[in-house]
Amino acid sequence: QKEVEQNSGPLSVPEGAIASLNCTYSDRGSQSFFWYRQYSGKSPELIMSIYSNGDKEDGRFTAQLNKASQYVSLLIRDSQPSDSATYLCVSQAGTALIFGKGTTLSVSS
Amino acid sequence: DGGITQSPKYLFRKEGQNVTLSCEQNLNHDAMYWYRQDPGQGLRLIYYSQIVNDFQKGDIAEGYSVSREKKESFPLTVTSAQKNPTAFYLCASSQVFADTQYFGPGTRLTVL
């Protein structure tokens, strides 16, 4: 069964630190990867998408993809209390979108 | 103002009732999806539609039904056959199927 695995957390970091969120996926055919942020009681919002090996940066966010290791990560620099949320990792292989259960991040001020 | 709207925000259902959740998008997206999210759980796909007048079952379609008569609209009916319908329901759309998805604000359904 195709899966995306994430540590549920909570991951706790102090304000200003780097938060590192990780996920692994089982389907080697996965081509596209997405990170969504979901605040409690709200719907997911897209943060980053990444399609090729390496790093992709957007402001304070950097997504990293290593297809050989089937590993995706999201780094959040200068973490803020407003970054406290659940982060969902998603992989896409063909017509299948597989959602991880999410990692809860808590940033303390 | 482009986006996806869902209504109502909160919905209460009595045992044995059918209820319909609305999802509308003005993004001109071809594909639309319905997900269910339970506390502490990931999203589970109920139904999806790649184009108008076509839809497919997802992983947990039993007890649900959908229609796609218009590109903009993809309503979900939760039937009395769904034994545990209390959950947060999310509608999403994408330009084409399996592309980046954008989510509506969700409907929280509670069975009384």
Side-chain angles (χ1 to χ4, degrees), chain A residues 1-11 21 23-27 29-52 56 58 61 63 65 72 74 85-106, chain B residues 2-10 21-25 27 29-51 54-60 86-110:
Chain A
Q1 185 168 344
K2 300 174 184 176
E3 291 183 327
V4 171
E5 299 280 349
Q6 295 181 257
N7 188 323
S8 62
L11 173 66
L21 305 161
C23 87
T24 58
Y25 58 94
S26 62
D27 187 350
S30 296
Q31 300 147 337
S32 306
F33 303 86
F34 309 93
W35 283 100
Y36 286 85
R37 176 176 63 199
Q38 186 176 24
Y39 292 112
S40 180
K42 303 296 185 182
S43 63
E45 56 179 323
L46 181 69
I47 299 178
M48 296 279 286
S49 57
I50 187 164
Y51 307 100
S52 55
K56 179 181 178 182
D58 184 0
F61 300 96
L65 173 61
V72 191
L74 179 70
T86 297
Y87 290 80
L88 306 175
C89 176
V90 185
S91 75
Q92 178 253 325
T95 59
L97 275 172
I98 312 298
F99 283 80
K101 293 184 178 181
T103 298
T104 299
L105 172 66
S106 176
Chain B
I4 304 173
T5 58
Q6 291 185 243
S7 63
K9 187 173 181 179
Y10 298 97
L21 285 58
S22 169
C23 177
E24 305 276 333
Q25 55 97 2
L27 301 168
H29 285 174
D30 284 326
M32 297 187 74
Y33 315 78
W34 275 105
Y35 292 93
R36 168 181 173 144
Q37 188 175 38
D38 294 282
Q41 300 296 313
L43 277 67
R44 291 186 290 170
L45 182 64
I46 304 172
Y47 267 97
Y48 64 92
S49 169
Q50 298 186 54
I51 56 172
D54 178 73
F55 50 83
Q56 305 294 330
K57 293 182 179 180
D59 300 321
I60 56 164
T86 295
F88 188 41
Y89 289 85
L90 289 160
C91 178
S93 71
S94 61
Q95 187 77 43
V96 295
F97 185 65
D99 198 2
T100 307
Q101 294 186 10
Y102 298 91
F103 287 85
T107 292
R108 195 165 297 279
L109 173 63
T110 302

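Keep in mind it's a predicted model, so treat the numbers as computed, not measured. Numbered from 1 within each chain, the chains take letters A, B, ... in sequence-line order.
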What distance do [X] atom [atom1] and [Y] atom [atom2] have between them, rounded to the nearest 0.5 Å?
{"X": "K101(A)", "Y": "R44(B)", "atom1": "NZ", "atom2": "CZ", "value": "9.0 Å"}
{"X": "F99(A)", "Y": "Q37(B)", "atom1": "CZ", "atom2": "CD", "value": "9.5 Å"}
{"X": "Q92(A)", "Y": "D99(B)", "atom1": "CD", "atom2": "CG", "value": "7.5 Å"}

Requested in this report: Using a heavy-atom cutoff of under 4.5 Å, enumerate the residues of residues 35-48 of chain A that contact chain B, numbered in order, or state 'none'.
Outcome: Y36(A), Q38(A), G41(A), K42(A), S43(A), P44(A), L46(A)
Checking heavy atoms, do the side chain of [X], its backbone, both or neither come under 4.5 Å from chain A?
{"X": "R108(B)", "value": "side chain"}
{"X": "Q50(B)", "value": "neither"}
{"X": "L90(B)", "value": "side chain"}

Query raised in the report: Are any of the side-chain heavy atoms of Y48(B) and L97(A) separated by less than 4.5 Å?
Result: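 Sidechains of L97(A) and Y48(B): no contact.
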Query raised in the report: Between Y51(A) and chain B, which part of the residue has a heavy atom less than 4.5 Å away: side chain, backbone, both or neither?
Result: side chain
